[in-house]
Amino acid sequence: LDLVRRIVVHCDLPTTCVHTRKSRVVLPGFFRATKNWDALVIHERRLLGVFEFKSQVGSFGNNLNNRSEEVIGSAADLWVAHHHGAYGDGPRRSRTRAAEYSSALLNPNLMSDPRPPFLGWLMLLEECDASLAPVRCEEPHYPVFEEFRSASYAQRYQILCERLVERQLYTAAALELSVAKTDKHRPLSPATSIRNLFAEFSGRLLAAQI
């Protein structure tokens with residue numbers, strides 16, 4: 001949250017753009033009424049940035065699928081709501097149903113705003129033997145994609161981050177591994193690092209002012 005504020009100031013925007021209080025981070029959804037995010041950046045009524053921050057210590061098997069479903073669903077909900085004009089002062093399209101030609105996810109060719117908000121996701125994961133060990137996949141009917149076979153929980157989160165960005169669900173997604181009770185942390189790749197997440201965000205803020 002502090003990094004969000006620092007980057008906003010660095011890009012010559014007022015700190016009042018950044019909203020982190022629980023009552024101020026609510027956005028309308030399309031499939032549900034509202035969603036609480038961790039940080040919003042709104043300047044002159046324009047939604048510039050949306051952030052979700054997660055962490056996980058232990059219970060990797062129980063929580064990874066839940067976290068995956070949350071992050072995918074939240075993005076899908078936001079982009080359809082944005083496509084229907086939920087975030088801004090312009091006219092809203094009908095929100096009673098999605099027409100057949102409507103974009104289910106982010107599609108710049110169909111959206112009224114050619115510069116959509118920055119959407120970022122960060123997972124801080126405990127680095128330990130359990131999160132780094134290979135995990136067996138259950139395949140009773142069909143084979144899993146090869147990259148998931150014997151992948152650790154950390155590697156599965158890495159694949160998730162890469163594909164969230166590849167499929168344009170998120171502008172940037174980051175995975176940082178951190179050893180418990182230390183300040184050590186590291187990414188598994190530069191593209192999904194916390195450095196890249198905020199570099200992408202700062203670039204988007206600068207471009208938004210042009």
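No side-chain heavy atom of N63 sits under 4.5 Å from any side-chain heavy atom of Y153. Within the 4.5 Å cutoff, no side-chain heavy atoms of S193 are placed close to those of F198. Residues H43 and P14 form a side-chain contact, since some pair of their non-hydrogen atoms from C-beta on lies under 4.5 Å apart. Counting only heavy atoms from C-beta outward, the side chains of H19 and I42 approach each other to under 4.5 Å. Two residues are said to be in side-chain contact when any heavy atoms from C-beta on lie closer than 4.5 Å; V41 and F201 meet this criterion.
Across all their heavy atoms, F118 and L197 have their closest contact at CZ-O, 3.6 Å. Heavy-atom minimum distance, R204 versus P116: NH1-O, 2.8 Å. Considering all non-hydrogen atoms of both residues, L175 and A154 come closest at CD2-O, 3.4 Å. What you find for Y87 and A81 is that their closest heavy atoms are OH-CB, 3.3 Å. The shortest non-hydrogen separation linking D38 to L1 is O-CD2, 3.6 Å. Residue C161 comes nearest to T192 through the heavy atom pair CB-CG2, 3.9 Å, listed as atom of the first residue, atom of the second, then distance.
Checked by atom type, the side-chain pair S189/Q158 shows a donor-acceptor distance below 3.5 Å. Side chain to side chain, S74 and R32 meet the donor-acceptor criterion of an N or O pair below 3.5 Å. For the residue pair Y157 / Q56, a side-chain donor-acceptor distance below 3.5 Å is found, with atom types taken as modelled. For the residue pair T20/R5, the side-chain donor-acceptor check at 3.5 Å is satisfied.
Under a hydrophobic-cluster definition in which Ile, Leu, Val, Met, Phe, Trp and Tyr are linked whenever side-chain heavy atoms come within less than 4.5 Å, directly or via other members, V71 and L40 are assigned to the same cluster. Residues I7 and L122 share a hydrophobic cluster, clusters being chains of Ile/Leu/Val/Met/Phe/Trp/Tyr side chains in contact below 4.5 Å. Cluster annotation: V4 is connected to L205 through the hydrophobic network of ILVMFWY side chains, with a link wherever side-chain heavy atoms come within less than 4.5 Å. The cluster map of Ile, Leu, Val, Met, Phe, Trp and Tyr, joined by side-chain heavy atoms under 4.5 Å apart, puts I194 and V165 in different clusters. Under the 4.5 Å side-chain contact rule for hydrophobic residues, L169 and L64 share a cluster.
From L78, atom CG reaches atom CG of L47 across 7.0 Å, with rounding to the nearest 0.5 Å. For the atom pair CG (L124) and CZ (F53), the distance works out to 11.0 Å, reported to the nearest 0.5 Å. Atom CG of L177 is separated from atom CG of L132 by 6.5 Å, given to the nearest 0.5 angstrom. The structure places CD of E146 at 9.5 Å from SG of C137, a figure rounded to the nearest 0.5 Å. How far CZ of R156 is from OG of S131: 12.5 Å, rounded to the nearest 0.5 Å. Atom OG of S152 is separated from atom CG of L188 by 7.5 Å, given to the nearest 0.5 angstrom.
A 6.0 Å sphere centred on CZ of R24 holds no more than 12 heavy atoms belonging to other residues, nucleotides or ligands. R149 CZ: more than 12 foreign heavy atoms inside a 6.0 Å radius.
Using a cutoff of 4.0 Å between basic side-chain nitrogens and carboxylate oxygens, R186 and E127 are scored as salt-bridged.
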*Kindly determine whether V80 and F31 satisfy side-chain contact (heavy atoms from CB on, under 4.5 Å), including the steps that lead there.*
CA-CA 9 Å; V80 178; F31 298 99; 4.1 Å; yes
_Apply side-chain contact (heavy atoms from CB on, under 4.5 Å) to residues E52 and E70 and explain how you reach the verdict._
CA-CA 10 Å; E52 181 97 301; E70 288 173 3; 5.6 Å; no
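Side-chain atoms of E147 do not come within 3.5 Å of backbone N or O of I159 as any donor-acceptor pair. Side chain of N36 to main chain of V25: no donor-acceptor pair is present (N/O by atom type, distance under 3.5 Å, no hydrogens or angles).
The aromatic rings of W121 and Y170 sit tilted relative to each other, their planes meeting at an angle between 30° and 60°.
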